[in-house]
Structures are given as C-alpha cells and as structure tokens.
Q: 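Structure in structure tokens, see below.
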Amino acid sequence: QAHLVESGGGLVQPGESLRLSCAVSNEIFSIRTNVMDWYRQAPGKQRELVARITNTDYTTYADSVKGRFTTSRDIAKNTVYLQMNSLKPEDTAVYYCNSNPLLRVNGRVSWGQGTQVTVSS
C-alpha cells in the first residue's frame with residue numbers, strides 16, 4: 001500500500017492552473033504535527049524543493065514559484081495541496097510530496113509515485 005499518494009497532475013497550456021493533492025496514509029503519520037514539502041524533478045535535472053508548509057501553517061516557496069503557487073493543508077483528510085496558477089513551461093516536472101525530515105519506512109527513504117505536470121502549448 002502507498003504511504004504518499006500524489007495526484008492532480010495533467011497537461012495544461014501556459015497560464016492555466018492545476019491543484020495537486022498529496023494524501024498521506026493515516027497509518028504512517030498525521031500531517032498535523034509534521035512539516036510537509038513539495039518537490040519537483042524535471043527530466044535531466046535534480047529534484048528541487050518548491051514549497052513547504054509547517055505544522056503551524058507557515059509557508060515558504062522557491063523564488064521560481066513565489067506568487068504563483070500556494071500550499072495548504074486539510075488536516076481532517078490528512079492531505080496537503082499545491083495550488084499552481086499561471087503555469088509556465090518551465091514548471092513541467094514530476095511533482096512529489098514528502099515530510100521533513102524525509103519519511104523512512106523500514107529504514108529506507110520512501111517516496112510516492114509523483115504526479116506529472118506538463119505545461120505546453
């Protein structure tokens with residue numbers, strides 16, 4: 001069973017919006033007491049941190065997405081969201097979520113499948 005499940009990606013044109021979801025299995029941890037991060041990885045590039053939301057709902061963003069992306073939480077659903085507006089082709093990547101510190105299952109860092117975001121005209 002998956003511990004981190006990202007969804008909501010798709011193919012959109014520049015300037016359009018998407019909302020990504022990250023569902024955390026209740027058996028793993030509660031997002032209420034954890035810092036949650038969003039990462040993205042484009043082909044041939046390093047994984048980069050794009051957004052963070054803390055257990056006190058304080059948010060920070062990479063300069064490349066500041067003013068366009070917003071992350072939020074639904075504690076009852078144990079889910080974090082990434083609202084992405086004014087999307088640009090350079091936002092094309094696979095998007096992942098994870099806790100900070102990174103989730104470990106049986107001693108290994110655990111990532112979800114990610115969700116593909118493609119911005120193209």
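Treat the numbers as computed from the prediction; the structure is a model and nothing was measured.
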Q: When the ring centroid of Tyr39 is compared with that of Trp111, is the distance short of 6.0 Å?
A: yes
Q: Taking the six-membered ring of Tyr61 as reference, does the cationic atom of Arg52 (NZ for Lys, CZ for Arg) lie under 6.0 Å from its centre and within 45° of its axis?
A: no
Q: Without swapping roles, check the side chain of Asn78 against the backbone of Phe29 for a donor-acceptor pair under 3.5 Å.
A: yes
Q: With no hydrogens and no angle check, is any side-chain donor or acceptor of Asn34 less than 3.5 Å from a backbone partner on Ser30?
A: yes
Q: Main chain of Asp37, side chain of Asn100: is a donor-acceptor contact present, judged purely on distance under 3.5 Å?
A: no
Q: Does Leu4 reach the side chain of Val24, with side-chain heavy atoms less than 4.5 Å apart?
A: yes
Q: Considering only heavy atoms from C-beta outward, does the side chain of Val105 approach that of His3 to under 4.5 Å?
A: yes
Q: How about Ser120 and Thr118: does a side-chain donor come under 3.5 Å of a side-chain acceptor?
A: no
Q: Between Asn85 (side chain) and Glu16 (backbone), is there a donor-acceptor pair under 3.5 Å?
A: no
Q: Looking at CG of Asp91 and OG of Ser64, how far apart are the two atoms once the value is rounded to the nearest 0.5 Å?
A: 7.5 Å
Q: If the threshold is 4.0 Å, N to carboxylate O, is there a salt bridge linking Asp63 and Lys66?
A: yes
Q: Are side-chain heavy atoms of Val50 and Glu48 found at a separation under 4.5 Å?
A: yes
Q: How many angstroms lie between atom CD1 of Ile31 and atom CG of Asp74, to the nearest 0.5 angstrom?
A: 7.0 Å
Q: Does the structure place the NZ or CZ of Arg19 under 6.0 Å from the centre of the six-membered ring of Tyr81, at an angle of no more than 45° from the ring's axis?
A: yes
Q: With no hydrogens and no angle check, is any side-chain donor or acceptor of Thr70 less than 3.5 Å from a backbone partner on Gln83?
A: no
Q: If I take atom CD1 from residue Ile75 and atom NZ from residue Lys77, how far apart are they, to the nearest 0.5 angstrom?
A: 13.5 Å
Q: Indicate yes or no for a side-chain donor-acceptor contact from Asn98 to the backbone of Trp38 under 3.5 Å, with no hydrogens or angles considered.
A: no
Q: Is the shortest heavy-atom distance from the side chain of Thr115 to the side chain of Leu20 under 4.5 Å?
A: yes
